[in-house]
Amino acid sequence: GSMNLHEDAKMKIERKEEQELKILGEILEAYIDTPIKKDAFLIGDLGLDSFLIVYFISEVDDRFGAAIEMPEHVEYMTVQDVLDQLNGRK
């Protein structure tokens, strides 16, 4: 039935996000030692500063061929926000 299709799509997204999270982690390893979680704030939790965030975002853009938009209040940006944008959710 259609339920399974929906579940399947959700699983696919979750698997894709796991992969993306791994890559984000690899990018971030260059700057920080903190293990990354989806709900972590890039600045508050991971300890990036506004300079490193710009670096990080441009690396993400390069790796994924994406164009991540920086929110006006970058201090509220989380790892999940990056994943959402990579997956076409704003």
**Q** With sequence neighbours left out, which residue pairs that include part of residues 38-70 fulfil the ring-ring contact (aromatic ring centres under 6.0 Å, His included) condition?
**A** Phe51-Tyr55
**Q** Taking C-beta and beyond as the side chain, do Ile53 and Ile43 meet within less than 4.5 Å on heavy atoms?
**A** yes
**Q** Should Val54 and Val74 be counted in the same cluster of Ile, Leu, Val, Met, Phe, Trp and Tyr side chains packed under 4.5 Å apart?
**A** yes
**Q** Verify side-chain contact (heavy atoms from CB on, under 4.5 Å) between Arg15 and Met11, making sure each step is shown before the conclusion.
**A** CA-CA 6 Å; Arg15 272 205 303 274; Met11 286 288 299; 3.7 Å; yes
**Q** State the CG-CD1 distance between Asp84 and Ile68, to the nearest 0.5 angstrom.
**A** 9.5 Å
**Q** Please table the atom pairs, donor to acceptor, closer than 3.5 Å between any side-chain atom in residues 19-40 and protein atoms at least two apart or in another chain.
**A**
{"from": "Glu20", "atom 1": "OE1", "to": "Asn87", "atom 2": "ND2", "distance (Å)": "2.9"}
{"from": "Glu20", "atom 1": "OE2", "to": "Lys16", "atom 2": "NZ", "distance (Å)": "3.0"}
{"from": "Lys38", "atom 1": "NZ", "to": "Glu17", "atom 2": "OE1", "distance (Å)": "2.9"}

**Q** Rounded to the nearest 0.5 Å, how far apart are CE of Met77 and CG of Leu42?
**A** 6.0 Å
**Q** If I take atom CZ from residue Arg63 and atom OG from residue Ser58, how far apart are they, to the nearest 0.5 angstrom?
**A** 12.5 Å
**Q** Say you draw a straight line from CG of Asp81 to CG of Leu86; how long is it, rounded to the nearest 0.5 Å?
**A** 11.0 Å
**Q** Drop me the distance from Ile13's CD1 to Lys10's NZ, to the nearest 0.5 angstrom.
**A** 9.0 Å
